[in-house]
S.K.: 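The structure's right below; bear with me while I get my questions together.
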Amino acid sequence: MKFNTKTIHGGQKHEEATGSVMPPIFQTSTYAQSSPGNHKGYEYSRAANPTRTALENNFAAIENGTHGFAFSSGLSAIDCVLKMLNPGDEVIAGDDLYGGTYRMFTRMFEKYGLKFQFVDMNTVENVSNAISAATKLVWLETPTNPLMKIADIEAISKAVKAKDANILVAVDNTFATPYLQQPLDLGADIVMHSATKYLGGHSDLVMGALMVKDAKLAEELHFIQFAGGAVAGPMDSFLALRGIKTLHVRMQRHCENGKAVAEFLANHDKVGEVYYPGFENHPNHEVAKKQMKDFGGMVSFRLKDESQAAAFQFLENTKVFTLAESLGGVESLVNHPVTMTHASIPEPERLKIGITDSLIRLSVGIEDINDLLSDLEQALNQ
């Protein structure tokens, strides 16, 4: 199947008892057994639920994987990956990460003996040079949150495997979605999504996803998820599966609107630097062109007035863009990373990579582009 068909039919089958086209919401915790251990494939919904299974099969299909897992949140999916490691193991991660990921790495798992190196993944050499005998996982976002850095998934995966084939490469594919890039096809071992965002697409659920190709890796992840209990419920699974069915058409509009917004901001006299991988002057634009189908709907920028007061004045005056956490919904959102999504990163670390008071992140929705540009214009004029 082509991708646009996979979003609707990938991994799916009609419900056997009734022929229902849409998977029913199996709102049950347990399942009848005719004899101890003799059941119809389901025992207890922490281990598996038919609605969640339908979603997980679709997760696998859209990322060209063989196994998918639906978690109660994106962070619980990351938590599952880290629980494969042992004290003394090292993780190499990008220096520009979602604040919640950084917080989990440094404030939760460092105290259990895991070590973390944060490097600029704009260049492959920075990653390969950081690898040591203790390295067990390389964690990258691309595009990154919020500075829209691009890491070369294929080149990094090859470099890592050349050093040690047992090191896992995991990619947070939330910003790009499988519509734009499929990391498993580029050599990654694990793909992670905050399915809260573009996969769900309607800001009405919280969920995480993991997709893999390797059966042994899938077995280990399933055990950790089952033992830890961080599973998605059947209602959220139903909503996510419904959301994915329109992922391809939504992403087309997100990309169109994102490009128009980025170009508008780049030509506005009150705007400084604009971070958007579709620009030819973006540091890794050619890499983005190579591994992405388009450039997405996420745009970050700085005001020329670099004070927090100016940023707040803009943020408080948008009308169509809603000031809120999160991203990837059909509605446009505006965010202030320093005080919102990345507040958990210590100020010296934020400033070192460029997350400053004047940085603003936009999740460009699928509204009429003229309304979005008019809203940005009037807010900038405030």
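Residue numbers run from 1 in the order of the sequence given.
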S.K.: Under the side-chain hydrogen bond (donor to acceptor under 3.5 Å, both in side chains) rule, collect the residues that match up with Q12, sequence neighbours excluded.
M.R.: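 Q12 satisfies side-chain hydrogen bond (donor to acceptor under 3.5 Å, both in side chains) with no other residue.
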S.K.: Quick one: side-chain hydrogen bond (donor to acceptor under 3.5 Å, both in side chains) partners of S157, sequence neighbours excluded?
M.R.: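 Result, side-chain hydrogen bond (donor to acceptor under 3.5 Å, both in side chains) vs S157: none returned.
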S.K.: Can any side-chain N or O of T51 pair as donor or acceptor with the backbone N or O of P24 at less than 3.5 Å?
M.R.: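 Yes: the side chain of T51 pairs with the backbone of P24.
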S.K.: By the definition side-chain contact (heavy atoms from CB on, under 4.5 Å), identify the one residue from V81, L168, V169, I92 that meets it with W139.
M.R.: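 Of V81, L168, V169, I92, side-chain contact (heavy atoms from CB on, under 4.5 Å) with W139 is met by V81 alone.
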S.K.: Only pairs at least two apart or in different chains count here, so list each side chain to side chain donor-acceptor pair (under 3.5 Å) that has a residue in residues 235-250.
M.R.: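 Found T7-H248, T246-R250.
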S.K.: Decide, yes or no, whether a salt bridge links K149 with D120 under the criterion of side-chain N to carboxylate O below 4.0 Å.
M.R.: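 Salt bridge flag = yes for D120 with K149.
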S.K.: Does K161 have any salt bridge (charged side-chain N to carboxylate O under 4.0 Å, His left out) partners at least two apart in sequence or in another chain, and if so, which?
M.R.: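 Listed in chain order: D189.
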S.K.: With sequence neighbours left out, what residues match R52 under salt bridge (charged side-chain N to carboxylate O under 4.0 Å, His left out)?
M.R.: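 By the salt bridge (charged side-chain N to carboxylate O under 4.0 Å, His left out) rule, R52 matches E56.
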S.K.: Return the set of residues passing side-chain hydrogen bond (donor to acceptor under 3.5 Å, both in side chains) with S45 (not counting sequence neighbours), or none when no residue passes.
M.R.: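 For S45, the residues satisfying side-chain hydrogen bond (donor to acceptor under 3.5 Å, both in side chains) (neighbours in sequence not counted) are Y31, N49.
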S.K.: Taking the side chain from D375 and the backbone from K319, do they hold a donor-acceptor pair closer than 3.5 Å?
M.R.: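 Answer holds: yes.
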S.K.: With sequence neighbours left out, write down each residue that passes side chain to side chain contact (heavy atoms under 4.5 Å, CB included) with A343, or none if nothing qualifies.
M.R.: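 Checked A343 against side chain to side chain contact (heavy atoms under 4.5 Å, CB included); zero matches.
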S.K.: Do L380 and V271 come close enough that some side-chain heavy atom pair is under 4.5 Å?
M.R.: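 The answer is yes, as the side chains (C-beta and beyond) meet within the 4.5 Å cut-off.
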S.K.: Got a second to check how far F226's CZ is from C80's SG, nearest 0.5 Å?
M.R.: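 Going from the CZ atom of F226 to the SG atom of C80 covers 13.0 Å.
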S.K.: Which residue pairs pass the salt bridge (charged side-chain N to carboxylate O under 4.0 Å, His left out) test when at least one of the two sits in residues 210-234, sequence neighbours left out?
M.R.: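 Only D185-K213 qualify under salt bridge (charged side-chain N to carboxylate O under 4.0 Å, His left out).
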S.K.: Between T322 and L333 (side chain of the first, backbone of the second, donor and acceptor by atom type, cut-off under 3.5 Å), is there such a pair?
M.R.: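 Checking the backbone N and O of L333 against the side chain of T322, no donor-acceptor pair under 3.5 Å is found.
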S.K.: Between Q117 and A130, which heavy-atom pair has the shortest distance, and what is it?
M.R.: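 That closest heavy-atom pairing would be NE2-O, 3.0 Å.
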S.K.: Hey, could you give me each pair passing side chain to side chain donor-acceptor pair (under 3.5 Å) that has a residue in residues 269-284? Not counting sequence neighbours.
M.R.: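 Residue pairs passing side chain to side chain donor-acceptor pair (under 3.5 Å), neighbours aside: E273-Y275, Y275-R302.
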S.K.: Does the side chain of L199 reach to within under 4.5 Å of the side chain of F59, using non-hydrogen atoms?
M.R.: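 A side-chain contact under 4.5 Å exists here.
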S.K.: For S20 and M22, indicate whether the former's side chain and the latter's backbone hold a donor-acceptor pair under 3.5 Å.
M.R.: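 At least one qualifying donor-acceptor pair exists.
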S.K.: For F116, check ring pair (Phe, Tyr, Trp, His ring centres under 6.0 Å) against everything at least two apart and list the hits.
M.R.: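 Only F105 meet the ring pair (Phe, Tyr, Trp, His ring centres under 6.0 Å) criterion with F116.
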S.K.: For K304, what residues pass the salt bridge (charged side-chain N to carboxylate O under 4.0 Å, His left out) criterion, not counting sequence neighbours?
M.R.: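 Counting only residues at least two positions away or on another chain, K304 forms no salt bridge (charged side-chain N to carboxylate O under 4.0 Å, His left out).
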S.K.: Among residues at least two apart in sequence or on other chains, which ones pass salt bridge (charged side-chain N to carboxylate O under 4.0 Å, His left out) with E256?
M.R.: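 For E256, the residues satisfying salt bridge (charged side-chain N to carboxylate O under 4.0 Å, His left out) (neighbours in sequence not counted) are R253.
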S.K.: Is there a donor-acceptor contact under 3.5 Å from the side chain of N257 to the main chain of G365?
M.R.: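 The answer is yes, because a donor-acceptor pair under 3.5 Å joins these two groups.
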S.K.: Using the six-membered ring wherever Trp is involved, compare the ring planes of F109 and Y112 and label them parallel, tilted or perpendicular (cut-offs 30° and 60°).
M.R.: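 Rings of F109 and Y112: perpendicular, over 60°.
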S.K.: When the ring centroid of F314 is compared with that of F321, is the distance short of 6.0 Å?
M.R.: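 When the ring centroids of F314 and F321 are compared, they turn out to be at least 6.0 Å apart.
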S.K.: Return yes if some donor-acceptor pair links the side-chain N/O of T144 with the main-chain N/O of P146 below 3.5 Å, else return no.
M.R.: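 Such a contact is absent between T144 side chain and P146 backbone.
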S.K.: Identify whether the distance between the nearest side-chain nitrogen and carboxylate oxygen of K290 and E286 falls below 4.0 Å.
M.R.: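 Looking at E286 together with K290, the answer is no, because their closest N to O distance does not fall below 4.0 Å.
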S.K.: Between H336 and Q308, do the side chains contain an N or O donor and an N or O acceptor separated by less than 3.5 Å?
M.R.: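 No, Q308 and H336 have no side-chain donor paired with an acceptor closer than 3.5 Å.
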S.K.: Going by side-chain contact (heavy atoms from CB on, under 4.5 Å), E349 matches just one of L351, I353, I345. Which one?
M.R.: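 Running side-chain contact (heavy atoms from CB on, under 4.5 Å) over L351, I353, I345 with E349 returns exactly one hit, I345.
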S.K.: If you take all heavy atoms of P337 and I355, which pair is closest and at what distance?
M.R.: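 So the two residues come closest at CB-CG2, 4.0 Å.
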S.K.: For the ring pair F118 and Y102, is the centre-to-centre distance below 6.0 Å?
M.R.: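 Yes - the distance between ring centres of F118 and Y102 falls below the 6.0 Å cut-off.
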